[in-house]
Amino acid sequence: MTEIDKLLEKEYLDKNDLITLLNANKTEAEAIFKKSSEIKQQYIGNTTYFRGLIEYSNICEKNCYYCGIRKGNKNVQRYKVTKEEVLEAAKFAYDNKYGSVVLQSGEISSPAFTKSIAEMVEGMKELSNNELGITLSCGEQTEEVYKLWHEKGATRYLLRIETSNRELYYKLHPNDAEHNYEERLNCLKLLKKVGYQVGTGVMIGLPFQTIEDLADDLLFMREFDIDMCGMGPYIEHHDTPLYEHRGILMSKDERFFLSLKMVALLRILMKDINLAATTAMQTLDKLGREKAIKVGANIVMPNLTPVKYRDEYLLYEDKPCTTESPEECRGCLEVRIKLAGDDIGYGEWGDSKHFAKRTE
Ligand code: 5AD
Ligand code: SF4
Ligand code: FES
């Protein structure tokens, strides 16, 4: 039995175990992937759920050093999808039995933004006879705002911690009132308090990030007892401050492989959460999402943003699906998920089983 095999038999993995597992080479990692795939089969089954993604607006008040739509990037044409277009996209999701949509946006804190999101959530519930599940990913907000959106019918919220290492957080964000690590943590707590299924995630292969940091990220997610996770490789963007550190990055292959191990290990740690095969995974490997599904992911997000806006929501370079219509992304993902050996959970919400258990 190899050291990796022994670790995989352990009931409770600690930080050192995770570091060893994250350092596994390609041959050793096969055992990790086999284990995580079995756990997925056992706890989730071979169903992948669709979340139709609507990228509502690229207007953002923040200046995260890694992100292509940061406020400081003047080379982006700012847009806001109209309410009608959002509802049309949601209707497409409903008609195609996607089960759920994710409304994502650059971060804005204003009464107008709060109201727009609330109205769109309400509208999506109405047009779907209350049947569409709604996830929001609209950044840090006050408890009142989170409550309002929840009352209108959003039941899940995604807010990535980006990294659980406070020091690294400030190498990725300006150290100011708008980018406060404690505030980010507090928002995650508020989301739980309000009653959302809470999702978080991190970027993998960031400049200055160590394997220890990634082990801590996995432990953070277990300790915080998250319901959902979306994580993927960091991908450099030329119009961002972090680009100057591209020289110290791992190769794209290494970043992808490390991301795949992160997905598999999180599935081993948190057997019944919802775990996304992210678009960033596909950016670095043509079969990235399929591979993620095989090793434990059970969520994909077909893009529903009207095609005319897509080029302006480039958080990172080479983002896929910028020209494909919603129909094309649907067809494409159908084939890909079949190839990965899964069925698609059409017409189901596919809620986090972990959340159901946590709130029993
Ligand atoms: N590479 C990978 N992911 C990124 N994100 C933002 N910029 C990048 C990048 N350059 C991710 C962040 C954010 C999510 C919406 O997109 O994790 O939370
Ligand atoms: Fe804005 Fe999110 Fe990009 Fe940060 S990562 S600049 S909050 S869109
Ligand atoms: Fe959009 Fe494949 S999912 S083109």
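Since this is a predicted model, take the numbers as computed values, not measurements. Worth knowing before you read on, the calculation uses all heavy atoms, side chains too, and leaves out hydrogens, waters and symmetry mates. As the structure lists them, so they are numbered: ligands from 1, and atoms in each ligand from 1.
- Listed by number with element, the atoms of ligand 1 under 4.0 angstrom from any heavy atom of Glu162 are 12 (C), 13 (C), 17 (O), 18 (O).
- With Tyr313 as the aromatic partner, Lys319 does not meet the cation-pi criteria of under 6.0 angstrom to the ring centre and within 45 degrees of the ring axis.
- The shell of residues lying under 4.0 angstrom from ligand 3, judged by heavy atoms, excludes Asn303.
- Residue, atom and distance of the protein heavy atom nearest to atom 4 (S) of ligand 3 are Glu324 CG, 3.4 Å.
- Considering backbone and side-chain atoms together, Arg160 places an N or O closer than 3.5 Å to an N or O of ligand 1.
- Residue Pro233 approaches ligand 1 through these ligand atoms, each under 4.0 Å from one of its heavy atoms: 2 (C).
- Among all non-hydrogen protein atoms, the one lying nearest atom 3 (S) of ligand 3 is Arg289 NH2, 3.2 Å.
- Of all protein heavy atoms, the one closest to atom 2 (Fe) of ligand 3 is Cys332 SG, 2.2 Å.
- Against a heavy-atom cut-off of under 4.0 Å, Cys329 is close to the following atoms of ligand 3: 1 (Fe), 3 (S), 4 (S).
- Close N/O approach between Ala280 and ligand 1 is not found [any backbone or side-chain N/O within under 3.5 Å].
- Closest approach of Ala277 and Ala297 over heavy atoms only: N-CB, 3.7 Å.
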Under 3.5 Å, sequence neighbours excluded: what are the donor-acceptor pairs made by side chains of residues 148-155?
residue: Trp149; atom: NE1; partner: Thr114; partner atom: O; Å: 3.0
residue: His150; atom: NE2; partner: Gly195; partner atom: O; Å: 3.4
residue: Lys152; atom: NZ; partner: Glu122; partner atom: OE2; Å: 3.2

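- Taking a cut-off of under 4.0 Å to the non-hydrogen atoms of Cys321, the atoms of ligand 3 that pass are 1 (Fe), 3 (S), 4 (S).
- The shortest contact between atom 10 (N) of ligand 1 and any protein heavy atom is with Ile235 O, 2.7 Å.
- Ranking the protein heavy atoms by distance from atom 7 (N) of ligand 1 puts Tyr66 CD1, 3.3 Å first.
- The closest protein non-hydrogen atom to atom 15 (C) of ligand 1 is Leu315 CD1, 3.7 Å.
- Side-chain contact between Thr200 and Leu159 is absent, with no heavy atoms from C-beta onward closer than 4.5 Å.
- Within the listing of ligand 1, atoms 7 (N) sit less than 4.0 angstrom from a heavy atom of Cys67.
- The number of protein N/O/S atoms found under 2.8 Å from atom 4 (Fe) of ligand 2 is 1.
- Between Val202 and Arg160, every side-chain heavy-atom pair lies at or beyond the 4.5 Å cut-off.
- At a 4.0 Å cut-off, not a single heavy atom of His237 sits close enough to ligand 1 to count as contact.
- For the 3.5 Å distance criterion, the side chains of Tyr12 and Arg222 qualify, holding a donor opposite an acceptor.
- Within the 4.5 Å cutoff, side-chain heavy atoms of Tyr56 are placed close to those of Ser116.
- Lys34 has no carboxylate O lying under 4.0 Å from a charged side-chain N of Glu30, or vice versa, which leaves the two without a salt bridge.
- For atom 6 (S) of ligand 2, a protein non-hydrogen atom is found at a distance below 4.0 Å.
- Ile32 approaches Leu21 most closely through the heavy-atom pair CD1-O, 3.5 Å.
- Under a 4.0 Å N-O distance rule, the pair Glu55/Arg310 does not qualify as a salt bridge.
- Glu254 places a side-chain N or O within donor-acceptor distance of the main-chain N or O of Ser251, the cut-off being under 3.5 Å.
- A salt bridge links Arg330 to Glu334: at least one charged side-chain nitrogen sits closer than 4.0 Å to a carboxylate oxygen.
- With a 4.5 Å cut-off on side-chain heavy atoms, Arg51 and Val102 count as touching.
- In this model, a donor atom of one side chain and an acceptor atom of the other lie less than 3.5 Å apart for Asn165 and Asp213.
- Heavy-atom contacts of Met203 reach the following atoms of ligand 1: 2 (C), 3 (N), 4 (C), 5 (N), 8 (C), 17 (O) (cutoff under 4.0 Å).
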